[in-house]
Structures are given as C-alpha cells and as structure tokens.
Amino acid sequence: MDTVRTRFAPSPTGYLHIGGLRTALYAYLFAKKNGGKFILRIEDTDQERYVDGSVEIIYRTLKQAGLNYDEGPDVGGDYGPYVQSERKEIYLKYAHELVERGGAYYCFCSKERLEELHASGATKYDKHCLHLSKREVERRLAAGEPYVIRQNIPESGVSTYHDLVFGDITVDYKDLEDNILIKSDGMPTYNFANVIDDHLMRINYVIRGTEYLSSTPKYNLLYQSYGWELPNYIHLQPIMKDATRKLSKRYGDASYEDFIKKGYLSEAIINYIALLGWSPKNDMEKFSLKEMEEMFSIEGLSKSASIFDETKMRWLNSLYIKDMTDEEYYDYAIKFFDQVPYLKGYDYRLLASLLKGRTEVFSDVGKLTEFLTEFDGYDLSAFENQKWKTDGKLAKEMLPDLIRLTEENAENNFATLHDALVEYAQSKGYKKGQVLWVYRIALTGSLVTPGGAIEMAQLLRKDESVRRLKESLNRL
RNA sequence: GGCCCCAUGGUCUAAUGGUUAGGACAUCACCCUUUCACGGUGGUAAUAUGGGUUCGAAUCCCGUUGGGGUCACCA
C-alpha cells in the first residue's frame with residue numbers, strides 16, 4: 001500500500017478557527033497513525049479575501065499545537081510549491097489539457113448574460129459556450145476576449161463514490177453545475193486547484209468538511225478525465241456553536257489563539273476538540289497528542305455535528321493544570337498574574353501554590369483573588385455561618401483578641417499564628433472552626449477565598465492583616 | 001425550493017439485531033474539609049415521531065418532523 005498522505009489546506013482569510021484546527025488535527029492524526037505524511041498547503045487563489053498575516057498565524061498555530069507538517073511552504077518538500085498562488089502556470093497547463101480532453105470548455109459569457117440567465121429562472125449555467133465552434137473559440141481567444149474555463153458536467157447520469165465516514169454518496173449530474181475552473185484573472189477556483197494539487201502532491205486521503213460532500217462527484221469527474229486514481233474521502237461534520245449555527249469567527253467565536261489568551265493550555269484545547277466528532281474505543285477522555293496518534297481511527301468519527309461546550313473544555317483544562325508541577329504552574333501563571341494590576345507586590349510563589357488546585361483556566365486568577373482589592377465595604381452578613389454558628393456579634397467579641405494574637409504571632413512564622421488561634425479557641429471555649437471562620441471573613445470579607453484563614457493572613461502579611469482585622473472590627 | 005447528509009440525557013458520546021441503554025461534562029444530594037475548591041459516594045436525566053421487517057429493533061426499511069450542507073469568477 002502507498003504511504004498515506006493527508007493535507008490541511010486552509011485559505012489565509014483570517015484567524016485559524018477551532019473547526020479548521022480540528023480538521024487539521026484529524027488529518028495529522030490519520031497520517032501519523034498510519035505512518036504517513038501530513039502536508040500543509042495554502043489555498044490563496046482568492047486575492048479578494050486574503051488577509052495579511054494569516055499565513056503566519058496558520059504556521060504558528062499548527063506548530064504550537066504540535067501538528068507538525070512534513071511538507072509545507074515554510075518547511076519545503078518534494079511536491080512544492082505549497083502555496084497555490086505560486087502554482088498558477090501549473091493549473092493553466094492542466095486546464096488547457098482538460099479542454100482538449102473534452103472535460104472543460106472556454107466560456108465568454110458576460111456577467112450580464114449570466115445575470116439574465118439567473119433572473120429568467122435558470123438554476124444553473126446553460127452550457128451556452130460549450131456549443132461554440134472550435135474556430136469561433138480560437139478567433140475570440142486570439143482577439144483577446146476575456147474568458148473563463150468551465151467544467152463540462154454530463155447532462156445526465158449519476159455518480160456514486162464512497163466516503164469513509166458516510167458510506168456511499170450518490171449525486172445526479174443534473175444537479176451539478178458547469179463550475180468555473182479558471183477565473184478570468186487566470187487563477188483557478190477551489191473546484192479545480194484542489195484536485196490538481198491533491199493529485200500532484202500525492203494526497204490519497206482527502207479529509208475536509210462536509211460542505212464538499214455533494215460536490216465531490218465533480219472532483220471525481222476531473223480525476224477521471226485525466227485518468228488519475230481517486231483519493232479516499234473522509235468528510236467531517238462541522239462544530240456548532242449551538243443547534244443551528246456553526247462555530248465561526250464571524251460570530252465572534254473564540255479562535256485557538258483567543259483560548260490560549262484566556263488561559264487554556266494548548267494540550268487541553270487539542271484534547272477537547274479531538275473529542276468533538278471522534279471518540280476512542282475505550283472510554284478514555286484525556287490523552288496526549290502522542291496517545292491520540294496511536295488511538296486514532298476513522299471508525300470513531302461521528303456522522304453528526306457536535307456543539308462546542310466550553311464548560312467541558314474548562315474541566316479538561318483543569319485536569320491538565322493539576323498535572324503541572326508547581327514550577328510549571330508558577331512559570332505559566334506569572335504572565336496572568338501580571339495582567340491583574342492589584343496582584344503587584346504579592347508573593348507570586350505563594351499565590352501560585354494557593355491557586356494551583358483551584359485554577360480551571362488561567363484567567364481565573366483574577367476572579368479568584370478579587371478579595372484582595374474588594375475588601376472595603378464588604379457585606380457583613382458574611383460572618384453568619386450556620387454550620388459554625390457564627391455571626392457579627394460573635395465576631396465583634398473575638399476580634400480584639402484576634403488582632404492582638406496576629407500582632408504577636410504573625411511576624412515571620414505563620415504556623416505560630418495557627419497554633420495561637422487554636423489555643424485561643426480552646427481557652428475561650430470556641431470551636432476551632434468558629435474562630436477560623438470569623439478570622440478569615442474579617443480578613444478577606446469574602447465567603448470564598450483560595451485558602452484558609454492562616455494562608456490568607458500569610459498572603460496579606462502582618463501589617464495588612466492587622467489593618468483589615470481592625471477595619472472589620474470598626475465596622476462591626 | 002431542488003439535491004446531499006444527519007438524528008441516543010442539557011452537552012460530547014458508547015452500544016454495528018438480544019445490555020437493567022454504558023461513560024464523561026454539567027446539575028442535585030451526601031461525605032471529607034478552618035472557607036471555597038479538589039477528591040469520594042450516590043441520584044435526576046436519552047434512543048425525535050409514525051409505520052413496517054423480525055421471536056426480538058436505539059440498531060434494518062419506508063414515511064413524517066427537526067437540523068445541517070449545497071445550489072458563486074468563495075473556499
């Protein structure tokens with residue numbers, strides 16, 4: 001069997017969205033699983049939609065995600081160039097050959113004629129120029145008339161091909177149109193370029209979205225006209241934003257880079273999107289790219305679209321964060337700490353150790369530490385706790401002592417403070433939890449904090465702790 | 001609208017003619033805990049619908065409904 005060759009062929013029209021990345025992932029995994037090659041090709045035949053810098057985003061994202069391609073514009077390969085705009089002459093040559101073979105024809109119809117045709121109720125091009133005599137075509141070509149080249153689709157008959165996930169797909173030729181293969185600017189359309197390139201680049205497994213499911217017979221016709229072997233097809237259902245809308249950048253849905261900025265780990269994103277439309281034979285849900293390369297199989301691909309669920313990706317991300325060492329967490333968290341202004345001056349190491357087990361997504365560090373900046377005027381009902389039977393009155397009673405104990409014990413060693421508080425509780429007949437609840441609330445003003453009372457005192461340090469306790473007492 | 005495709009809990013999915021319809025996220029309850037979280041245990045929750053075929057259907061066939069895709073000098 002020939003070596004498996006798959007490709008990812010995005011057009012540089014902006015950010016690489018999650019759906020595109022998943023297509024790339026599957027193409028990569030299928031190639032790796034089968035010891036094959038994964039190729040990157042840039043489909044930039046539409047200069048109108050070209051967005052500056054998007055090619056670099058594609059390179060960067062793929063590499064960052066670990067989807068290293070064996071051949072591509074920036075890494076080379078034996079079948080280049082890998083950018084379609086640099087292959088113009090190749091397409092022209094094949095297009096002219098196709099005309100000779102009867103698979104395509106020159107068309108001189110004006111935009112106006114096409115519009116009239118459409119307005120008259122025609123659903124597709126009427127093959128008008130197919131019937132031009134050879135002499136007439138040559139004359140108009142020689143006269144320099146603008147033209148396009150259209151594919152010549154049979155007027156009747158059906159075409160069936162086999163898709164590896166959907167099975168046999170049958171389409172009637174009468175439902176297909178004589179699409180333009182070469183535009184009047186000499187550039188090919190997708191309909192032509194993808195076939196020429198896939199063949200020339202020896203792509204034998206075409207992995208792409210289902211938007212091509214019913215137009216694939218047209219491409220097969222092209223392969224057949226040249227006498228080329230058909231590739232295997234694997235079509236993928238889209239990732240949805242909700243039941244009726246596709247996930248897309250147009251609706252402001254997050255791209256890979258946006259998720260990275262929000263504090264998702266690359267591994268978690270890849271892991272999660274792998275699960276959207278594919279499942280392994282066992283019930284595993286967390287796996288590395290390497291593991292996926294082993295487990296991937298087209299049998300696990302889903303025939304239905306799946307809705308993107310950020311909540312589940314958060315969960316997966318939290319798993320990856322828990323797997324980090326303290327050092328890795330610290331290194332990664334620093335830049336997110338830096339984004340939260342009021343965190344300046346706090347002990348990042350301590351913050352990191354406190355936050356590590358509570359971070360689902362790194363941008364959470366802001367929310368998790370809000371009590372550091374929102375202390376003033378907090379709701380005093382926070383002192384009320386049913387389990388510990390505490391309230392403002394009890395707090396008022398305890399606080400003078402708690403302040404004193406803090407002043408005496410919080411100098412360097414916070415373990416002494418803990419012991420002192422416990423001892424205090426015993427001597428006064430309070431429960432340990434009561435003292436610590438009151439202490440933590442008086443200190444932070446928050447029901448939820450990333451650690452217990454002593455840890456919060458340690459984070460705030462002695463002076464600030466005392467200041468806060470005093471203010472709480474004042475307000476009570 | 002024509003054509004193509006799809007249909008299991010709120011979400012991602014497993015089960016390819018015989019299972020008490022399994023797992024995960026979310027959710028709820030309880031346990032653990034100096035808060036929250038983590039972790040642990042348990043619960044609620046699904047075969048869109050109507051007909052067939054079969055001893056037996058989530059699974060095969062047909063209709064209906066719902067959804068997606070496509071019908072460009074975009075990919």
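Chain letters run A, B, ... following the sequence lines, proteins first, then strands; residues in each count from 1. These numbers come from the heavy atoms of this one structure, side chains and all, not from hydrogens, waters or symmetry mates.
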Rounded to whole angstrom units, what separation is found between the [atom1] atom of [X] and the [atom2] atom of [N]?
X         : N      : atom1 : atom2 : value
Trp388(A) : U35(B) : CH2   : P     : 6 Å
Phe166(A) : C4(B)  : CZ    : P     : 15 Å
His17(A)  : A75(B) : NE2   : P     : 16 Å
Arg314(A) : A37(B) : CZ    : P     : 14 Å
Tyr173(A) : U70(B) : OH    : P     : 21 Å
Asp323(A) : C38(B) : CG    : P     : 16 Å
Asp283(A) : A14(B) : CG    : P     : 10 Å
Phe308(A) : C25(B) : CZ    : P     : 17 Å

Quick check: Tyr26(A) with Tyr205(A) (ring centres under 6.0 Å apart)?
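No; Tyr26(A) has its ring centre 6.0 Å or more from that of Tyr205(A).
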Are Tyr212(A) and Tyr190(A) close enough that their ring centers fall under 6.0 Å?
yes
So does [X] get a side-chain nitrogen or oxygen closer than 4.0 Å to the phosphate oxygens (OP1/OP2) of [N]?
X         : N      : result
Ser279(A) : A14(B) : yes
Thr189(A) : C74(B) : no
Ser306(A) : U13(B) : yes
Lys183(A) : A75(B) : yes

Parallel, tilted or perpendicular, as decided by the 30° and 60° cut-offs, for the rings of Phe259(A) and Tyr264(A):
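Judged by the thresholds at 30° and 60°, the geometry between Tyr264(A) and Phe259(A) is perpendicular.
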Which base sits across from [N] as a Watson-Crick or G-U pair, both distances under 3.5 Å?
N      : answer
U34(B) : none
U41(B) : A29(B)
A24(B) : U11(B)
A46(B) : none
G18(B) : C55(B)
C74(B) : none

Which whole number of Å gives the distance between the [atom1] atom of [N] and that of [M]?
N      : M      : atom1 : answer
C12(B) : G69(B) : P     : 16 Å
C6(B)  : U49(B) : C1'   : 16 Å
G23(B) : G40(B) : P     : 15 Å
C4(B)  : G22(B) : P     : 36 Å
U59(B) : G63(B) : P     : 16 Å
G51(B) : A15(B) : C1'   : 25 Å
U11(B) : C71(B) : C1'   : 32 Å
U13(B) : U8(B)  : P     : 9 Å

Just checking [X]: base, sugar-phosphate only, or nothing, at a heavy-atom cut-off of under 4.0 Å?
X         : result
Ala453(A) : base
Tyr212(A) : base
Thr45(A)  : sugar-phosphate
Asp175(A) : sugar-phosphate
Lys387(A) : base
Glu285(A) : base
Ile307(A) : sugar-phosphate
Glu48(A)  : nothing
Lys322(A) : sugar-phosphate
Asp46(A)  : sugar-phosphate

Closest to side chain of [X], choosing from [options]:
X         : options                : result
Thr311(A) : A7(B), G23(B), A26(B)  : A26(B)
Val171(A) : C5(B), C4(B), C36(B)   : C4(B)
Asp309(A) : A75(B), A7(B), G10(B)  : G10(B)
Trp315(A) : A26(B), U34(B), U70(B) : A26(B)
Lys432(A) : U34(B), U11(B), C6(B)  : U34(B)

Nearest 0.5 Å, what's the CG-OH distance between Leu62(A) and Tyr69(A)?
6.0 Å
Nearest 0.5 Å, please: how far is CG in Leu265(A) from CE in Met313(A)?
11.0 Å
Base [N] to side chain [X], donor-acceptor N/O within 3.5 Å cut-off:
X         : N      : result
Ser215(A) : U70(B) : no
Lys312(A) : A26(B) : no
Ser184(A) : C73(B) : yes
Arg440(A) : U34(B) : no

Both Val148(A) and Met240(A) contact RNA chain B. Taking the nearest nucleotide for each, which residue is further toward the 5' end?
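The residue whose closest nucleotide sits nearer the 5' end is Met240(A).
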Nearest nucleotide by nearest heavy atom, which residue falls closer to the 5' end of RNA chain B, Gly451(A) or Thr170(A)?
Thr170(A)
Assess the side chains of Tyr272(A) and Glu310(A): does a donor N or O sit below 3.5 Å from an acceptor N or O?
no
Regarding Arg208(A) and Thr216(A), is there a side-chain donor-to-acceptor distance under 3.5 Å anywhere?
yes
Against the six-membered ring of Phe38(A), is Arg7(A) placed for a cation-pi contact (under 6.0 Å from the centre, within 45° of the normal)?
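No.
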Is the Lys NZ or Arg CZ of Arg150(A) less than 6.0 Å from the centre of Tyr125(A)'s six-membered ring, within 45° of the axis?
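Yes, a cation-pi geometry holds between Arg150(A) and Tyr125(A).
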Salt-bridge test for Asp178(A) and Lys124(A): reply yes if a basic N is under 4.0 Å from a carboxylate O, no otherwise.
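Here Asp178(A) does not pair with Lys124(A) in a salt bridge, since their nearest N and O are not under 4.0 Å apart.
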